[in-house]
Amino acid sequence: MSFLELQNITKIYPNGTKAVNETSLNINKGEFVVFVGPSGCGKSTLLRMIAGLEDITSGEISLDGNIINNIDPSERDVAMVFQNYALYPHMSVFNNMSYGLKNRGISKDEINNKVNDVAKLLEIDQLLTRKPSMLSGGQRQRVAMGRAIVRNPKIFLFDEPLSNLDAKLRNQMRLEIKKLQRQMDVTSIFVTHDQTEAMTLGDRIVVINNGVVEQVGTPKEIYSKPNTKFVAEFIGSPQMNLFQCKIENGLAKISDMQINLNNSLNIQDACIGVRPDDILVSDQGEYSSSANLVEYLGSDMIIYSSVGGQEFSCKLSSKINLKAGDNFKFDISPSVLHIFDNTSGQRA
């Protein structure tokens with residue numbers, strides 16, 4: 001039996017908006033799962049239903065073998081870390097971290113031990129007497145995490161906790177969260193709209209779109225074999241190139257360019273996807289185009305171009321001498337292509 005089970009979870013608001021649509025998901029004990037998707041897709045709503053902060057229209061949530069639909073949030077033994085930290089401004093760091101423990105009637109000595117141990121773990125033990133206004137964004141986030149950790153919950157819920165941090169600090173905190181989760185071996189769910197965070201943090205990723213789970217899998221599975229056109233576009237940076245085409249007997253026709261797919265597919269309204277780093281630029285390339293724009297990224301560069309009126313990008317070593325306006329040749333191997341039916345949006 002899975003540690004956390006969602007069975008046909010649905011959320012419909014009074015105005016008829018269906019935020020989450022019959023979502024079923026099993027999460028194992030100690031697993032780090034990331035909900036990822038665009039803003040408004042329902043990922044935070046799903047997380048809040050697990051926490052008990054949103055009512056469930058239909059379906060069941062089971063935690064450690066117990067159905068928790070009607071259990072008060074304070075009794076669910078889950079801890080949540082929010083985007084805005086949600087710290088009490090008039091309380092010290094120590095009191096913010098210990099507040100929940102005091103409400104549960106835990107002894108003063110045990111509270112002191114728990115708070116001090118977690119503060120050392122998070123390297124904020126020198127800040128325990130300060131108030132939130134005296135802390136940086138990263139320090140406040142550590143306090144919010146510490147407040148959750150001291151409770152020793154069955155499951156951690158993170159609702160876009162890094163969104164308010166700058167890029168460098170986000171990367172640092174991302175590594176620290178991953179390291180802490182591994183060290184504590186606690187089941188965790190992390191919500192983000194950032195696919196890079198999802199790919200680097202999650203044991204498994206749940207890609208959500210318009211309240212529907214599009215795909216569940218490891219980062220490698222999601223990246224290398226997207227089940228739908230949406231997943232293909234959403235996961236990966238730069239995003240996957242999608243060429244609209246017609247496929248007849250395994251031959252994909254993109255304007256004047258034709259690609260032999262080495263199969264017998266026939267799809268009238270299709271698109272083929274290829275990752276920017278899977279396009280091979282060389283003087284012996286079968287196809288040709290010109291560079292409209294070049295982005296220099298240090299060791300790599302991204303070339304933006306078009307073929308048959310359809311834009312695409314390719315990622316290659318910056319050692320290659322190519323600048324905007326230059327013509328170049330390239331190849332696309334059938335083995336790296338992803339084929340989708342536009343009618344269903346599904347992988348062919």
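Below, all heavy atoms of this structure are taken into account, side chains as well, without hydrogens, waters or symmetry copies. Positions are given from 1, in the same order as the sequence printed here. Just so we're clear, the structure is a prediction, and the values are computed from it rather than from any experiment.
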### Task
Could you tell me whether N15 atom CG has more than 12 heavy atoms of other residues or ligands within 6.0 Å of it?
yes
### Task
Report the C-alpha separation of F35 and V33 in whole Å, then their side-chain angles, then the decisive distance to 0.1 Å, and conclude whether the side-chain contact (heavy atoms from CB on, under 4.5 Å) test is met.
CA-CA 7 Å; F35 294 170; V33 173; 4.0 Å; yes
### Query
Got a sec: does the CG of N103 have more than 12 other heavy atoms crowding it under 6.0 Å?
yes
### Query
Would you call S92 and L128 a side-chain contact if the rule is heavy atoms closer than 4.5 Å?
no
### Query
Heavy-atom distance under 4.5 Å between the side chains of V207 and T228, does that happen here?
no
### Task
Return yes if some donor-acceptor pair links the side-chain N/O of Q310 with the main-chain N/O of Q244 below 3.5 Å, else return no.
yes
### Message
Classify the ring geometry of Y88 against H90: parallel below 30°, tilted from 30° to 60°, perpendicular beyond 60°.
### Response
perpendicular
### Query
Is the backbone of L297 close enough, under 3.5 Å, to the side chain of D300 for a donor and an acceptor to pair up by distance?
no
### Query
In terms of hydrophobic clusters joined by side-chain contacts under 4.5 Å, are V231 and V336 together?
no
### Query
Do I189 and I50 have side chains that get closer than 4.5 Å, going by heavy atoms?
yes
### Query
Should I61 and V206 be counted in the same cluster of Ile, Leu, Val, Met, Phe, Trp and Tyr side chains packed under 4.5 Å apart?
yes
### Task
Using modelled atom types only, decide if a donor and an acceptor are shared between the side chain of E110 and the backbone of S107 within a distance under 3.5 Å.
no
#### Entry: Any donor-acceptor N/O pair, T187 side chain to G30 backbone, under 3.5 Å
yes
### Query
Charged N to carboxylate O under 4.0 angstrom, R142 versus E123?
no
### Query
Would the number of heavy atoms belonging to other residues, nucleotides or ligands and lying under 6.0 Å from CG of N69 be above 12?
yes
### Query
Between the main-chain N or O of V212 and the side-chain N or O of N21, is there a donor-acceptor pair closer than 3.5 Å?
no
### Query
Is it true that atom OH of Y287 has more than 12 heavy atoms of other residues, nucleotides or ligands lying nearer than 6.0 Å?
yes
### Task
Check whether any side-chain heavy atom of H193 sits under 4.5 Å from a side-chain heavy atom of C41, and report yes or no.
no
### Side chain N28, main chain N26, donor-acceptor under 3.5 Å
no
### Message
Looking only at side-chain N and O atoms, does D194 offer a donor or acceptor that is under 3.5 Å from a partner on T192?
### Response
no
### Task
Ignoring hydrogens and angles, tell me if any N or O in the side chain of R275 forms a donor-acceptor pair with the backbone of K315 under 3.5 Å.
no
#### Entry: Criterion side-chain contact (heavy atoms from CB on, under 4.5 Å) on S24 and N8, from CA distance to verdict
CA-CA 5 Å; S24 295; N8 298 318; 3.3 Å; yes
### Query
Of the non-hydrogen atoms in P153 and D77, which two are nearest, and what is the gap between them?
CA-OD1, 3.5 Å
### Message
Could you see if M80 belongs to whatever hydrophobic cluster contains L122? Use Ile, Leu, Val, Met, Phe, Trp, Tyr and a side-chain cutoff under 4.5 Å.
### Response
no
### Between E311 and Y304: side-chain donor-acceptor atoms closer than 3.5 Å
no
### Message
Measuring only between side-chain heavy atoms, which start at C-beta, is M145 closer than 4.5 Å to L180?
### Response
yes
### Task
Taking the side chain as every heavy atom from C-beta outward, state whether V307 and S255 have any atom pair closer than 4.5 Å.
no
### Query
With a 3.5 Å cut-off and no angle check, do the side chains of D159 and S44 form a donor-acceptor pair?
yes
### Message
Quick check on the hydrophobic clustering: are I68 and F156 connected, directly or via other members, by side-chain heavy-atom contacts under 4.5 Å?
### Response
no
### Message
Tell me whether the rings of F312 and F243 are parallel (<30°), tilted (30 to 60°) or perpendicular (>60°).
### Response
tilted
### Query
Do any N or O atoms from the side chain of R151 and from the backbone of L101 form a donor-acceptor pair under 3.5 angstrom?
no
### Task
Describe, in one word, how the ring planes of F234 and F230 are oriented to each other, choosing from parallel (under 30°), tilted (30 to 60°) and perpendicular (over 60°).
parallel
### Message
Using the rule given for salt bridge (Lys or Arg N to Asp or Glu O under 4.0 Å), can you reason through D64 versus R76, listing the C-alpha separation, both sets of side-chain angles and the distance that settles it, and then say yes or no?
### Response
CA-CA 10 Å; D64 199 14; R76 292 194 180 195; over 6 Å; no
### Message
Check for me, please, whether V274 and I267 land in the same ILVMFWY cluster - side-chain distances under 4.5 Å, paths through other members count.
### Response
yes
### Task
Tell me, with the steps shown, if E5 and E60 meet side-chain contact (heavy atoms from CB on, under 4.5 Å).
CA-CA 8 Å; E5 295 186 33; E60 283 186 351; over 6 Å; no
### Query
For V34 and F158, what are the C-alpha separation, side-chain angles and deciding distance, and is it a side-chain contact (heavy atoms from CB on, under 4.5 Å)?
CA-CA 9 Å; V34 178; F158 297 89; over 6 Å; no
### Task
Check for a donor-acceptor pair, side chain of T10 on one end and backbone N or O of E22 on the other, with a separation under 3.5 Å.
yes
#### Entry: Between N95 and K102: side-chain donor-acceptor atoms closer than 3.5 Å
yes
### Message
Is there a side-chain contact between P132 and V143 in this structure, where contact means two heavy atoms from C-beta onward sitting under 4.5 Å apart?
### Response
no
#### Entry: Heavy atoms of other groups near N210 CG, more than 12 under 6.0 Å
no
### Query
Are R174 and F190 in a cation-pi setup, meaning NZ or CZ lies under 6.0 angstrom from the ring centre and within 45 degrees of the ring axis?
no
### Whether R347 side chain and P226 backbone form a donor-acceptor pair below 3.5 Å
yes
